[in-house]
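Below is one structure, written out as structure tokens; the observations come after it.
Ligands are counted one by one from 1 in listed order, and the atoms in each one are counted from 1 as well. Note that the coordinates shown come from a computational prediction; the quantities given were computed from them, not determined experimentally.
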Amino acid sequence: MASELSLLAVHPHPDDESIGMGGTLARYSAEGVRTTLVTATRGEVGEILDKDLDPKEAAPRLASIREAELRNAVKILGVTELDFLGYEDSGMAGLPRNREPATFWQADEEEAIGRLIRVVRRVRPQVMVTQNEFGGYAHPDHIKTHRVAIGAFFYAGDVERFPGGEPFRPSKLYYTAFPKSQLKKIAEAMERAGVENRFSSDGEPPPFAVSDDRVTTWLDVSPYLEKKLAAMRAHRTQIPEDSWFIKLSEVLGPQAWRLETFERVRSSVDAPVPEDDLFAGLR
Ligand SMILES: [Zn+2]
């Protein structure tokens with residue numbers, strides 16, 4: 001192979017990377033792939049669920065707390081490099097905060113794309129992974145992450161529109177995806193175990209669920225489950241020990257988080273569907 005393999009993940013907040021693709025980041029890092037995580041915000045208006053913290057006291061310094069949590073998580077996962085786009089968390093949809101100028105939601109899109117393109121041209125990823133068009137669950141930062149990542153994927157090769165640096169075109173673009181069938185299985189198992197679950201097995205699927213036919217890529221991350229769970233736990237303010245995420249793995253065992261799934265939306269190389277490797281067609 002002429003050039004080193006490089007994977008770029010682009011996510012809105014600290015914790016999205018570990019929940020959606022922690023095992024994947026750990027796997028490729030362990031395989032010697034250059035892995036880069038870009039996080040758009042530092043999640044400064046997120047919840048504070050860490051019982052060792054007084055929420056009132058901790059709220060003003062949540063950005064630095066969550067940055068430290070994220071640095072911890074990427075260290076556990078073995079991620080080569082962590083970068084921030086440098087915007088502020090926009091808060092949940094509909095809040096007045098969405099209109100504050102420093103938030104990611106209000107950021108000039110061209111400028112944000114330009115910032116991400118600088119990273120793309122530097123780390124030259126064949127594979128990019130980000131949020132889908134409804135941002136998982138319609139959080140403004142998730143939607144904006146989607147738009148900015150798409151822009152960078154398509155325009156990193158265009159030095160006329162975005163000058164500076166060597167042009168580079170990534171080969172494959174993916175969205176993290178939680179297929180309905182998996183979520184249903186999990187909900188049923190939680191019900192059988194008599195544990196309260198966040199979505200019932202017979203009701204509406206959760207907002208971030210996607211149809212199974214959108215899922216192209218199924219990665220078995222069993223060998224990296226411990227790292228994934230440790231990285232999730234590193235986000236102490238978001239994922240405390242009594243959280244649903246942790247309970248799930250206690251009740252269901254490794255199968256709860258064994259699969260990480262993606263939707264491949266663009267590829268300039270031949271690769272099968274389904275595939276079990278983000279770099280299929282590139283090695
Ligand atoms: Zn998020």
Discussion item. Any donor-acceptor pair under 3.5 Å linking the side-chain atoms of Glu17 with those of His11?
Written reply: no
Discussion item. Before moving on, can you tell me the angle at the Zn ion (ligand 1) between the OD2 atom of Asp16 and the NE2 atom of His142, to the nearest 10 degrees?
Written reply: 100°
Discussion item. Under 2.8 Å from the Zn ion (ligand 1), is there any N, O or S atom belonging to Asp141?
Written reply: no
Practice prompt. Specify whether an N/O/S atom of His13 falls short of 2.8 Å from the Zn ion (ligand 1).
Written response: yes
Practice prompt. Check whether any side-chain heavy atom of Gln238 lies under 4.5 Å from a side-chain heavy atom of Phe245, and answer yes or no.
Written response: no
Worksheet item: Heavy-atom count around Phe162 CZ within 6.0 Å, excluding the residue itself: above 12?
Response: yes
Worksheet item: Can you tell me how far CG of Asp16 sits from CG of Leu70, rounded to the nearest 0.5 angstrom?
Response: 10.0 Å
